[in-house]
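Position 1 is the first residue of the sequence, and the numbers go up from there.
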Amino acid sequence: MDIEPVDAAPTQAFGRAMLRQRWEDLTFLHWAVAPELVAPLLPAGTRPDTLDGRTYVGLIGFRMVGLGLGRGPAVPYLGTFWETNVRLYSVDGAGRRAVVFRSLDASRLVPVLVARATLRLPYLWSAMRLDRDGDRFTYRCRRRWPGPAGATSRMVVRVGGPITEPTPLEHFVTARWGLHTRAHGRTLHLPNWHPRWPLHRAELLHLDDELIGAAGLPAPAGPPASVLYSPGVPVRFGPPVALRRPA
């Protein structure tokens, strides 16, 4: 099987955009884990994507802005909210690299209900906020529903200078052009596209997180292997495609 290259700025692989949005003020934390540890948590037809024999668990906090359908206007109020997700990295039988979300905490209930019903994405309704003090960003999350209710996360980072040439690991955890999810008895690949990430170095000042453990993963035992920040990018999602069953 030929696996697609880790491309930081590919051409858009689909014609019609099904969804569009903007991601802003993102902080990416990543820890290395053994592939066999996360393999049982991935959808059927996918396996862990690896870099130098390791795969990664990501904790990402950001702001979703202007979520809308196709070429239509952004959904007022409900289309802008905070989000924190726990994610893994996958590759399917067609060689498509993607992410697999173990949880997506969001601060608007209606988008949570829609995403759970349509694509079976593990969205959860949470109270969230981001406080900024100069170059210092504090992300807070407290889960409301469906559970485990009360699970919390607080991460504080200091943002540094821009990255001119990302490392292979920084490309691996950010240059992702789709997601895999299990929905209605099938594993789907949902492609996305955005311009190349404007990335910055960042320093983790504080982390108190229960979301990774609530997602069925062991709590991080040490500092993250990578800490990144991005001011954001506009994003488009194409229609989902079902994975083919092995012959």
Mind listing the closest non-hydrogen atom pair of [X] and [Y] along with its distance?
X      : Y      : result
Thr50  : Pro35  : CG2-CG, 3.6 Å
Pro240 : Met18  : CD-SD, 3.9 Å
Met128 : Glu83  : CE-C, 3.3 Å
Pro234 : His194 : O-CB, 2.9 Å
Asp135 : Phe137 : O-CD1, 3.8 Å
Thr181 : Leu119 : OG1-O, 3.2 Å

Taking the side chain as every heavy atom from C-beta outward, state whether [X] and [Y] have any atom pair closer than 4.5 Å.
X      : Y      : answer
Pro220 : Leu29  : no
Arg144 : Ser126 : no
Leu88  : Val33  : no
Ser90  : Arg47  : no
Leu59  : Asp209 : yes
Leu211 : Cys141 : yes
Leu217 : Leu41  : yes

Please check: side-chain N/O of [X] versus main-chain N/O of [Y], any donor-acceptor pairing under 3.5 Å?
X      : Y      : value
Trp193 : Pro10  : yes
Arg20  : Gly70  : yes
Trp177 : Ala8   : no
Arg63  : Trp82  : no
Ser230 : Pro198 : yes
Thr80  : Gly66  : yes
Arg102 : Ala215 : yes
Arg132 : Gly134 : yes
Arg176 : Val173 : no
Thr118 : Val114 : yes

Do the ring planes of Trp197 and Phe28 sit parallel (below 30°), tilted (30 to 60°) or perpendicular (above 60°)?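 Answer is perpendicular, since the angle exceeds 60°.
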Check the orientation of Tyr56 and His30. Use parallel for under 30°, tilted for 30 to 60°, and perpendicular for over 60°. perpendicular
Around Arg236, counting heavy atoms of other residues, nucleotides and ligands shown, do more than 12 lie under 6.0 Å from its CZ?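 No, CZ of Arg236 has 12 or fewer neighbouring heavy atoms, counting only those of other groups under 6.0 Å.
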Decide if atom CZ of Arg186 counts as having more than 12 heavy atoms of other residues, nucleotides or ligands within a radius under 6.0 Å. no
Before giving the answer on side-chain contact (heavy atoms from CB on, under 4.5 Å), spell out for Leu243 and Arg96 the whole-Å C-alpha distance, their side-chain angles and the decisive distance to 0.1 Å. CA-CA 10 Å; Leu243 269 61; Arg96 292 172 295 208; 3.8 Å; yes
Between Arg182 and Thr187, do the side chains contain a donor N or O and an acceptor N or O under 3.5 Å apart? yes
Tyr139 side chain to Thr84 side chain, donor-acceptor N/O pair below 3.5 angstrom: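 No donor-acceptor contact under 3.5 Å links the two side chains.
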As a quick check of understanding, evaluate side-chain contact (heavy atoms from CB on, under 4.5 Å) for Leu199 and Thr174, giving each step before the final call. CA-CA 9 Å; Leu199 295 173; Thr174 60; 4.1 Å; yes
Between [Y] and [X], does any NZ, NE, NH1 or NH2 come within less than 4.0 Å of an OD or OE carboxylate oxygen?
X      : Y      : answer
Asp131 : Arg140 : yes
Asp49  : Arg54  : no
Arg143 : Asp105 : yes

When you group the ILVMFWY residues by side-chain heavy-atom contacts below 4.5 Å and let the links chain together, are [Y] and [X] in the same group?
X      : Y      : answer
Leu124 : Leu121 : no
Leu67  : Leu26  : yes
Leu51  : Val99  : yes
Ile60  : Val100 : no
Leu207 : Tyr229 : yes

Kindly indicate, with the supporting measurements, whether the criterion salt bridge (Lys or Arg N to Asp or Glu O under 4.0 Å) is fulfilled by Glu170 and Arg201. CA-CA 10 Å; Glu170 290 163 349; Arg201 303 268 176 232; 2.3 Å; yes
Does Leu130 form a side-chain contact (heavy atoms from CB on, under 4.5 Å) with Asp25? I'd like the steps, not just the answer. CA-CA 9 Å; Leu130 168 62; Asp25 289 324; 3.9 Å; yes
For the [atom1] atom of [X] and the [atom2] atom of [Y], what is their distance to the nearest 0.5 Å?
X      : Y      : atom1 : atom2 : answer
Glu210 : Thr152 : CD    : OG1   : 3.5 Å
Ser153 : Ile212 : OG    : CD1   : 7.5 Å
Ser107 : Met64  : OG    : CE    : 10.0 Å
Phe237 : Asn192 : CZ    : CG    : 4.5 Å

Run through Arg97, His180, His189, Arg244 and flag the one making a side-chain hydrogen bond (donor to acceptor under 3.5 Å, both in side chains) with Asp92.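 Only one option passes, and that is His180.
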With Arg136 as reference, evaluate Val157, Val159, Leu205 under the side-chain contact (heavy atoms from CB on, under 4.5 Å) test and give the passing residue. Leu205
Looking at Trp145, does the NZ or CZ of Arg116 lie under 6.0 angstrom from its six-membered ring centre and within 45 degrees of the ring axis? yes
Evaluate Arg158 against Asp133 for salt bridge (Lys or Arg N to Asp or Glu O under 4.0 Å), listing each step before the verdict. CA-CA 9 Å; Arg158 178 177 291 121; Asp133 182 8; over 6 Å; no
Before giving the answer on side-chain contact (heavy atoms from CB on, under 4.5 Å), spell out for Thr27 and Leu228 the whole-Å C-alpha distance, their side-chain angles and the decisive distance to 0.1 Å. CA-CA 6 Å; Thr27 286; Leu228 298 170; over 6 Å; no
